[in-house]
Amino acid sequence: MTGIIVKGSFRFTKKERIAHPQDFRRIMKSGRRVSSRNFVLFMMKSENMFHRLGIVVKKEIGPATFRNRMKRLIREFFRLHKHQIRGRYDLILMVKKGCSINRYQEAEEELKGFFNI
RNA sequence: CGAGGGGAAACAGAUGGUCGCUCUUCUUGAGUUCCUGCGAAACAGGAUCUCAGGAGGGGAGGAAAGUCCGAGCUCCACAGGGCAGGGUGGUCCGUAAUACGGACUGCUCCGUUCUUCAAAAAGGACGGGGUAAGGAAAGUGCCACAGAAAAGAAACCGCCCCGUGAAGUAGGCUUAGCCGCCACUUCACAGGGUAAGGGUGAAAAGGCGAGGUAAGAGCUCACCAGUAUCCUAAGCGAUGAGGAUAGCUUGGUAAACCCCACCCGGAGCAAGACCAAAUAGGUUCCGUUUCUCCCCCGUGGAUGGGCAACUUUGCCUAUUCCGCAGGAGGGGGGUAAGAAAAGCCCAUUCAAAUUUGUCCCGGGGCUUCGCAUCGGGGCAGAGGCGGGACGGGUGAGGUCGCUUGAGACCCUGAGCAAUCAGGGCCCUAGAUAAAUGGCCAUCUCCAGAUUCCCACUGAAAAGCGGGAUCCGGAAGACAGAACUCGGCUUAUCGUUCCCUUCGUCAC
RNA sequence: UGGGGGAUCGUUCAAUGGUAGGACAACGGACUCUGACUCCGUGAAUCGAGGUUCGACUCCUCGUCCCCCAG
């Protein structure tokens with residue numbers, strides 16, 4: 001977290017999001033799959049010059065407030081750490097059932113394990 | 001003072017910094033397309049769109065939730081009437097409307113107090129809570145167990161009357177005994193009257209008393225309770241108060257069927273409208289070709305082979321199971337063999353193909369009518385190919401709908417209130433894999449916790465309250481707009497107020 | 001988003017408003033040298049709250065959870 005990075009690079013714009021169902025289907029079917037205690041990561045090489053992120057939180061995870069918080073925490077992590085991820089990938093993060101993360105630091109520690117940061 | 005329950009109101013941390021998200025306004029740079037400038041190029045101006053930025057402004061809730069009601073809005077359907085189905089149910093008012101709200105009435109429950117009273121219990125007054133609260137006298141059904149009986153009041157026990165028979169008594173006579181008509185008692189039988197009594201049940205056919213009777217009975221009468229009708233005055237009304245009359249009395253259940261009165265077209269913003277594109281097949285129309293034979297593709301059947309779930313049998317094993325041990329059996333492992341139906345793949349072979357119908361002309365055959373066949377032509381039908389139109393299916397985009405509304409806030413007035421009227425002022429979220437977040441600092445905060453001090457109670461231990469300090473803490477509950485409103489219901493941290501219950505202390 | 005259905009012993013199914021019943025499983029016993037089969041017995045439940053009713057698994061209201069259908 002040195003301050004050398006160009007201003008504005010911590011943004012999370014619309015084209016960095018995966019929005020179409022066929023993209024989700026393609027990546028989750030043929031991408032690589034890594035899982036940890038509370039998350040599952042699908043990744044696949046992309047032709048774009050940047051990373052893209054999609055988040056999956058099923059309805060069985062919890063009520064709408066909790067689902068929104070999980071999406072915000074994952075988005076915050078991607079926004080702050082996307083420059084430290086090597087390569088150009090399409091990423092999908094899915095939250096597992098029974099997840100009980102409440103604070104950002106817990107999520108950050110666990111997600112760092114995926115990318116060896 | 002503390003704890004519990006119920007209700008109401010307000011808030012749902014604040015300030016600053018920083019990194020972001022979304023909408024919108026303005027703007028800078030680059031580029032695409034179009035128009036204008038004599039206009040081909042270059043250049044200039046304007047519009048639209050895309051990308052990369054900059055500045056300003058807005059950005060979740062009291063329940064956004066559940067989807068239980070009611071509407072707006074959109075589309076579809078629609079002559080009129082009825083049936084079916086669904087909903088509502090005291091009265092009046094409010095509202096766009098409601099299964100909502102307010103006030104009142106009835107019923108019911110609780111508390112306080114008064115009266116009768118030994119108590120229980122009953123009644124009155126006041127306060128609070130609940131209430132889906134039309135009809136059981138239109139009809140049908142049900143009311144377990146217990147009980148004589150659970151709904152036409154009848155059967156049973158019981159009570160009573162009359163008759164017959166038997167026994168006995170009082171009594172009589174012709175007195176070892178007999179009679180016993182009339183009278184009485186008991187028993188049995190037959191006929192009749194009765195609903196007082198039967199203490200079971202959640203509920204028992206009005207209650208108490210008097211008359212009356214063979215025994216009884218609202219059979220009659222007085223009082224009381226209840227029903228219906230009428231009258232008087234009160235209230236808009238539900239209804240309550242008083243009086244008269246009648247029949248004398250009617251079980252409960254309609255959140256059982258049902259009856260009565262009133263109301264209801266269906267679907268829902270994933271409604272609906274527009275734009276741009278992809279694909280196999282369907283229906284229909286037109287054109288062409290074939291309907292002799294052959295070939296190819298395709299379809300179906302048969303045979304063979306392969307894949308394989310699986311199944312069965314034989315053999316072996318005892319390192320591991322049940323068993324004290326062994327046999328038998330079961331279970332485990334290994335090996336070998338087999339493999340039904342259906343499925344997929346490959347090879348061979350066979351079959352059906354629409355080898356059509358009708359009319360006209362011509363040739364030959366049968367003695368004629370006529371029939372069969374061959375060739376040509378017309379019409380119809382079927383199949384193939386090409387083209388057009390139509391409707392919808394599948395997967396997946398964009399724009400609009402999309403936030404000014406029965407709107408919020410303040411003041412005044414009307415009304416018991418719900419609410420309404422007038423005036424002022426304001427614009428206050430519009431996402432679509434789905435926007436409000438992360439981090440840091442400070443302030444107040446304490447539901448955790450250390451130590452110390454003070455006050456009260458207490459012999460002490462200790463309890464409780466207040467203050468200071470330190471550590472710690474996620475500012476902590478329920479919870480995230482999805483077309484928009486009005487209600488209802490449910491969830492909920494802390495603070496304040498009101499009501500109520502309990503405990504402790506003091507007077 | 002709209003519509004429909006359901007929740008009963010550990011599991012799976014019953015039950016005209018009137019004592020919640022089977023089957024499998026569990027436990028105990030009998031039979032057998034032992035096991036299996038069979039027989040006998042025992043325990044165990046109406047999703048939660050409120051209402052109607054003399055009485056509720058059943059009827060009504062609210063809530064929780066689950067399943068199915070359409071797009």
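Reminder, nothing fancy here: chain letters follow the sequence lines and each chain counts from 1. For the numbers below, each heavy atom of this structure counts, side chains included, while hydrogens, waters and symmetry mates do not.
The distance from atom CE of A:Met70 to atom P of B:G437 is 16 Å, rounded to the nearest whole Å. Here the C1' atom of nucleotide B:G20 and the CG atom of A:Leu73 are 14 Å apart, to the nearest Å. Distance NZ (A:Lys71) to C1' (B:G480): 11 Å, rounded to an integer number of Å.
Checking B:C390 for Watson-Crick or G-U wobble geometry (two distances, each under 3.5 Å) identifies B:G282 as its partner. Shown here, B:A241 forms a base pair with B:U232; the pair counts as Watson-Crick or G-U wobble because both key distances fall under 3.5 Å. Pair assignment for B:C257: B:G139, on the basis of Watson-Crick or G-U wobble contacts that are both within less than 3.5 Å. The partner of B:C173, taking Watson-Crick or G-U wobble pairs whose two distances both stay under 3.5 Å, is B:G177. Here B:A14 sits opposite B:U442 as a Watson-Crick or G-U wobble pair (both hydrogen-bonding atom distances under 3.5 Å). Within the shown strands, B:C184 is the pairing partner of B:G168 under the Watson-Crick or G-U definition, both distances less than 3.5 Å. B:C73 and B:G268 make up a base pair, with Watson-Crick or G-U wobble contacts both under 3.5 Å.
Glycosidic torsion of B:G378 falls outside 90° of 0, placing the base in anti. Shown here, B:G252 is classed anti by the O4'-C1'-N9-C4 or O4'-C1'-N1-C2 angle, which is more than 90° from 0. In B:A60 the base sits syn relative to the sugar, since the glycosidic angle is no further than 90° from 0. Its glycosidic angle being within 90° of 0, B:U428 falls on the syn side.
To the nearest 0.5 angstrom, A:Met43 atom CE is 8.5 Å from A:His51 atom NE2.
Checked against ring pair (Phe, Tyr, Trp, His ring centres under 6.0 Å), A:Tyr89 has no partners two or more places apart in sequence or in another chain.
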Would you tabulate the nitrogen or oxygen pairs shorter than 3.5 Å linking the protein to nucleotides 58-63 of chain B?
none

